[in-house]
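Okay, structure first, notes after.
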Amino acid sequence: MRRVSLIAAALLSLTLAPQAGGQGADVLLNCAACHAVGPDRNAGDVARAPSPYPNLNGQSVRYLDRQLWAYREGLRQHPQMQATATALGDGAGAMARMYADAPAPELTFTASPGAFADAETLVMEGDWSRGLPSCASCHALDPDDRARLSPRLHGHPAPYIARQLRAYADGTRRSDPMGRMRAYAAELTEDEMSQLADYYAAWGPETDQTQEDDTDG
Ligand code: HEC
Ligand code: HEC
């Protein structure tokens, strides 16, 4: 972990140098201020508020690299991340690799079973009457297949997930290959989007309570 942070710091100072004149580059390029590398607030220290930002650790390098490209190209709209990705330039690939190499968070379902029943049906079975395959067929918790283009959604903050689904639905996020996520999101109702967001956000670090429930230890 420490080694990863040192590499990050080194990379950042490298990418920072040519940006010294650019306004706020030091803030924009301090990735770890928002996307902590390592367990951070997402594990262990559950007393602290969870991060409002997407957790990049252990996502596939292809996915991360593609997102930085998408911000740069305006296929994803978020002024601050667009400025960041532009400032990163050629450093994007290295940052994608660093986060991909960081250990994925260990997550468990923290809500009561059935709390998000409709969302769970969409996640596990989909809805073929609307041409929706199960979300789980592409979005896995276990990032064993590092070549995947579909990211882990588990543990992302609910407002982040809901915003992405709306952005696909209204076509302002166009980073998805062949427009698949745009087509799926357009089939979802507003209620379904927010319940799906709550379902995925309910995956969190193990607490004493969830550990007690887990007899396998
Ligand atoms: C001030 C906080 C902040 C900083 C600093 C920051 N980010 Fe972000 N990042 C965000 C937010 C907020 C989003 C979600 C934006 C959106 O809704 O599209 C995001 C999204 C991303 C995503 C897409 C995540 C996904 O799941 O699709 C990647 C990749 C990313 N950031 C990489 C970086 C890298 C690399 C750096 C440093 C060079 C960085 N970010 C610096 C706040 C930050
Ligand atoms: C056929 C595979 C597939 C299916 C099925 C699928 N997705 Fe996706 N999804 C993807 C891919 C690939 C991406 C990355 C697209 C991109 O680069 O923007 C993605 C991206 C997303 C994102 C953005 C993640 C982030 O970190 O920003 C969300 C949210 C999402 N999908 C939700 C869902 C939900 C909810 C379902 C089920 C209703 C679903 N997806 C079904 C392939 C799929």
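Indexing begins at 1, ligand by ligand and atom by atom, following the structure's order. Numbering starts at 1 and runs along the sequence shown. All figures in this text were calculated on a predicted structure; none of them were measured in a lab.
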Subject >> Any N/O pair R163/ligand 1 closer than 3.5 Å >> reply: yes
**OP:** Using the salt bridge (charged side-chain N to carboxylate O under 4.0 Å, His left out) rule, collect all pairs that involve residues 66-77, keeping only residues at least two apart or in two chains.
**Re:** none
Original post:
What atoms of ligand 2 come closer than 4.0 angstrom to any heavy atom of L149?
Top reply: 12 (C), 14 (C)
Subject >> Closest candidate by heavy atom, reference atom 20 (C) of ligand 2, pool Y199, Y168, Y200, Y63 >> reply: Y168
Original post:
Which atoms of ligand 2 are found less than 4.0 Å from any heavy atom of R66?
Top reply: 17 (O)
Original post:
Counting heavy atoms only, which part of L88 comes closer than 4.0 Å to ligand 1: side chain, backbone, both or neither?
Top reply: side chain
Original post:
Are the side chains of E190 and R166 in touch, meaning some heavy atoms are under 4.5 Å apart?
Top reply: yes
Subject >> Spacing of L88 atom CG and C31 atom SG [to the nearest 0.5 Å] >> reply: 6.0 Å
Subject >> Close N or O approach (R76, ligand 1; < 3.5 Å) >> reply: yes
Original post:
Where is the nearest protein heavy atom to atom 18 (O) of ligand 2: which residue, which atom, and how far?
Top reply: S175 OG, 2.5 Å
**OP:** Check Q59 against ligand 1 and report side chain, backbone, both or neither, counting heavy atoms closer than 4.0 Å.
**Re:** neither
**OP:** Determine the minimum heavy-atom distance between R182 and Y168, stating which atoms define it.
**Re:** CG-O, 3.1 Å
**OP:** Run the contact test for Q164 against ligand 1 with a 4.0 Å cut-off on heavy atoms, strictly below, and give the result.
**Re:** yes
Original post:
Does an N or O anywhere in S134 fall below 3.5 Å from an N or O of ligand 2?
Top reply: no
Original post:
What protein heavy atom sits nearest atom 27 (O) of ligand 2, and how far away is it?
Top reply: Y160 OH, 2.6 Å
Original post:
What orientation do H35 and Y99 show, parallel under 30°, tilted 30 to 60°, or perpendicular over 60°?
Top reply: perpendicular
**OP:** Look at the N, O or S atoms of T84, main chain and side chain alike, and state whether any lies under 2.8 Å from atom 8 (Fe) of ligand 1.
**Re:** no
Original post:
Atom CD of E192 and atom CG of L122: how far apart are they, to the nearest 0.5 Å?
Top reply: 5.0 Å
Original post:
Are any of the N/O atoms in H35 less than 3.5 Å from those in ligand 1?
Top reply: yes
**OP:** Between L165 and ligand 2, find which residue part has any heavy-atom pair under 4.0 Å and reply side chain, backbone, both or neither.
**Re:** side chain
Original post:
Do the ring centers of Y200 and H154 come within less than 6.0 Å of each other?
Top reply: yes
Original post:
Just by distance, with hydrogens left out, do Q67 and R62 show a side-chain donor and acceptor under 3.5 Å apart?
Top reply: no
Original post:
Backbone, side chain, both or neither: what part of C31 comes under 4.0 angstrom of ligand 1, heavy atoms only?
Top reply: both
Original post:
Non-hydrogen atoms of H156 versus ligand 2: any pair closer than 4.0 Å?
Top reply: yes
**OP:** Determine, using heavy atoms of Q67 and all atoms of ligand 2, whether some pair is separated by less than 4.0 Å.
**Re:** yes
Subject >> Residue part near ligand 1, for L56, under 4.0 Å between non-hydrogen atoms >> reply: side chain
Subject >> R174 side chain reached by Q77 side chain, heavy atoms, under 4.5 Å >> reply: yes
Original post:
If every non-hydrogen atom of A162 is compared with every non-hydrogen atom of A197, which pair is closest and at what distance?
Top reply: N-CB, 3.7 Å
Original post:
W128 and E125: which non-hydrogen atoms are nearest, and at how many Å?
Top reply: NE1-O, 3.8 Å
Original post:
Just how far is it from atom OG1 of T86 to atom CG of L68, taken to the nearest 0.5 Å?
Top reply: 10.0 Å
Original post:
So how far is it from M124 CE to S134 OG, rounded to the nearest 0.5 Å?
Top reply: 7.0 Å
Subject >> Connected via hydrophobic side-chain network under 4.5 Å: L75 and Y71 >> reply: no
Original post:
Can M98 be reached from W69 by stepping across I, L, V, M, F, W or Y side chains whose heavy atoms are under 4.5 Å apart?
Top reply: no
Original post:
Is the closest heavy atom of Q77 to ligand 1 under 4.0 Å?
Top reply: no
Original post:
Under 4.0 Å from any heavy atom of L196, which atoms of ligand 2 are there?
Top reply: 35 (C)
Original post:
In total, how many protein N/O/S atoms does one find closer than 2.8 Å to atom 8 (Fe) of ligand 2?
Top reply: 2
Subject >> Heavy-atom side-chain proximity of L141 to W203 below 4.5 angstrom >> reply: yes
Original post:
Between R173 and ligand 1, does any nitrogen or oxygen pair lie at a separation below 3.5 Å?
Top reply: no
